[in-house]
Structures are given as structure tokens and as C-alpha cells.
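Numbers restart at 1 for each chain; the letters A, B, ... are given by sequence-line order, proteins then strands.
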Amino acid sequence: MPITVATWNINSIRARLPEACAWLREAQPDIVLLQETKAEDHNFPAMEIEDLGYNLALHGQKTYNGVAILSKHRIEDVTRGLPTLPENTDARYIEGLISLKGIRDWGLGIGKDILTSNPQPLIPTLRVASIYVPNGGEVGSEKFGQKLRFLEALRLHAETLLLQDEMLALGGDYNVAPADMDVYAPAALRGTTCFHPEEQKRLRALEYLGLTDAFRARYPDRQQFSWWDYRSSGWEHNKGMRIDHLLLSPQAADALEDAGIDDTPRGKPKASDHAPVWCRLGVGC
DNA sequence: ATGGTCGGTTGCCGA
């Protein structure tokens with residue numbers, strides 16, 4: 001049974017609740033990683049989301065930031081905040097272990113890896129994180145430095161996570177477009193926030209650890225954006241960037257069946273400025 | 001060379 005994992009910068013869960021619920025009902029993702037929920041945990045519209053069949057893990061904050069994990073499967077082992085950046089109290093990182101109970105018959109080896117005979121967990125798991133990388137403000141500003149340091153701290157933590165040899169999906173608003181084809185006007189935008197070589201270098205450093213950009217791995221030549229500026233009618237002119245990503249561990253990338261960006265919610269009234277990015281992983285039989 | 005538009009609990013700031 002395949003499972004679908006999506007990441008979506010929702011830009012306020014309360015302002016966007018009907019639109020978010022409509023998409024959840026329509027797309028039926030198993031796991032959703034939300035950013036910019038902009039709500040403290042006691043203000044998160046939990047019942048409305050739970051009624052759609054999701055368990056929640058929240059790391060909220062007033063006015064700014066806020067991340068969440070929605071999952072149709074159990075969420076265990078939740079961590080809030082990047083362990084490698086303890087001084088940062090912004091709600092920009094939440095991690096959890098999804099127990100894929102009920103998805104039986106992991107692989108062909110009945111509890112063993114068919115080639116190595118290594119014992120495999122009886123219940124398959126997928127570790128996920130919902131990540132909201134700082135926007136960075138002006139290039140060279142204090143905020144820009146914080147963005148670069150956040151990306152470095154994320155790399156350091158990802159290094160530890162990858163030692164676990166698990167299925168892992170690090171999803172979120174990275175606020176970095178990886179390459180020229182990921183922005184509408186590379187020449188004009190080069191060196192600006194979200195398309196700066198120092199940001200791209202740090203995003204690639206994550207990939208060098210062995211993490212795979214799900215969308216780009218599946219569609220090497222496709223130009224599709226995940227964010228369009230409200231200002232200057234970015235959506236209407238398709239002036240966008242691909243800055244939301246799902247980075248997969250080797251174990252998850254091996255299970256990658258498909259990926260995409262669902263830009264239909266972006267064209268609707270009261271839309272977030274970001275579109276959901278998703279991938280489908282083949283888990284079990 | 002600078003504005004445009006959103007969301008928050010707001011008379012501005014962050015994106």
C-alpha cells in the first residue's frame with residue numbers, strides 16, 4: 001500500500017481552514033507537514049482536522065511561524081525545535097515517527113531483509129519533519145545570517161537522523177530554489193533572497209548527505225513552482241519559485257513512486273501563497 | 001528603483 005506525504009506552507013491555518021480541509025478531503029494525503037500555521041497550540045483548529053481522520057502533532061507560536069504534522073497513522077517520538085539549534089525558540093521544526101501499523105507485510109522477507117537477513121522492524125515506520133526555514137529578509141542582513149545558520153544546523157541534525165537508516169522525509173518550506181529552472185527569471189533573481197548561491201550551497205549540502213529532492217528526482221526536466229508572490233500578481237503571471245521540498249533518505253527514495261506539486265489550491269479564492277508538494281512512497285506490499 | 005498583497009490581534013511587521 002503506498003502512502004502519500006505532502007508539505008504545505010498554509011500561511012495561517014485559521015484563515016485557511018475551509019480551504020485546507022477541502023484539499024485534505026480531495027487529495028487524501030496520509031501525512032501532511034504544515035508550515036506557518038500562525039497559531040498557538042490551543043488555538044489550532046484540532047477538531048476540524050481530526051474529524052477528517054488525522055492525528056496531530058503541533059509546535060505552534062503566536063502570530064509567526066508554527067509547524068505541524070498531520071497523520072492518518074500514529075505519530076510517536078515527537079521532537080519540537082531543532083536539537084542542533086537550541087537557542088532558537090521560533091516554532092520552525094517538528095519531527096515525529098509515523099508508525100505505519102496496519103500496512104502489513106513489510107517487504108518480501110517476512111520480517112527480514114531478503115538480501116542481508118538483517119532483522120527489519122515488524123511495524124514499518126517513516127520518520128518525518130515539518131520544517132520552516134527562515135525567509136532571510138535582505139541578503140546580508142542579520143536575518144539572512146540566521147537563515148544560513150538554520151540550514152547548517154538542519155544539515156548537522158540530518159546527519160544524525162541518517163545514521164538511523166530509516167525511511168525519512170524532511171519536508172517543508174526551505175525558502176531556497178535549488179536551480180535556475182526552479183525560478184521564473186533566473187538572471188534577474190540571481191543573488192536575491194531564496195535564490196542566492198550561499199543558500200543553494202547549504203541546500204545542496206543536505207543533498208550531499210544522501211537526501212533526495214523527491215520532485216526533482218522524479219521529474220528532472222519539469223519546471224513547476226510551489227510559491228507565487230501575492231504582490232505583483234505572481235500567480236496570474238506564473239512568476240513563481242520552487243522553494244518547498246521533500247528530501248528523502250535513501251530508504252524512502254528507494255520507495256519513491258511519484259511526486260508532484262498540486263497547484264490547484266493556489267488558483268482558488270483565499271489561497272495560501274504556497275501550493276502543496278507531495279510524494280508517494282510504496283511501503284509494504 | 002520601488003511597489004504590489006496578504007495575515008496577524010495590527011495601527012506596523014514579516015513574507
For A:Ala179, give me all partners under side-chain contact (heavy atoms from CB on, under 4.5 Å), at least two apart in sequence or on another chain.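 side-chain contact (heavy atoms from CB on, under 4.5 Å) check on A:Ala179 returns A:Asp182.
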Pick the nucleotide of DNA chain B nearest each of A:His274 and A:Asp229; which residue has the one closer to the 5' end?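 So the residue in question is A:Asp229.
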Contact list for [range], test salt bridge (charged side-chain N to carboxylate O under 4.0 Å, His left out), sequence neighbours left out:
| range | value |
| --- | --- |
| residues 145-162 of chain A | A:Glu142-A:Arg149, A:Lys147-A:Glu199, A:Glu152-A:Arg202, A:Arg155-A:Glu159 |
| residues 5-29 of chain A | none |
| residues 77-86 of chain A | A:Asp77-A:Arg127 |
| residues 48-74 of chain A | A:Arg74-A:Glu76 |

Connected hydrophobic set around A:Leu17, excluding itself, where side chains approach under 4.5 Å: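 Members besides A:Leu17, by chain and number: A:Trp8, A:Ile10, A:Ile13, A:Trp23, A:Leu24, A:Val32, A:Leu34, A:Phe44, A:Ile49, A:Leu52, A:Tyr54, A:Leu56, A:Leu58, A:Leu70.
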Hey, can you pull the residues of residues 61-70 of chain A with a non-hydrogen atom under 4.0 angstrom from DNA chain B?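 Contacting residues: A:Lys62, A:Thr63, A:Tyr64.
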Does anything in residues 189-200 of chain A come within less than 4.0 Å of DNA chain B? Heavy atoms only, and list the residues if so.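 Heavy-atom contacts with DNA chain B come from no residue of residues 189-200 of chain A; none.
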Going by salt bridge (Lys or Arg N to Asp or Glu O under 4.0 Å), name the residues that satisfy it together with [X], two or more places apart in sequence or in a different chain.
| X | result |
| --- | --- |
| A:Asp90 | A:Arg92 |
| A:Asp229 | A:Arg231 |
| A:Arg190 | A:Asp180 |

Looking only at the aromatic ring of each residue, does the gap between the centers of A:Tyr93 and A:His157 stay below 6.0 angstrom?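 When the ring centroids of A:His157 and A:Tyr93 are compared, they turn out to be within the sub-6.0 Å range.
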Can you pull the contact range of chain A along DNA chain B, 5' to 3', using atoms under 4.0 angstrom from its heavy atoms?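 The footprint of chain A covers B:dG4 to B:dA15.
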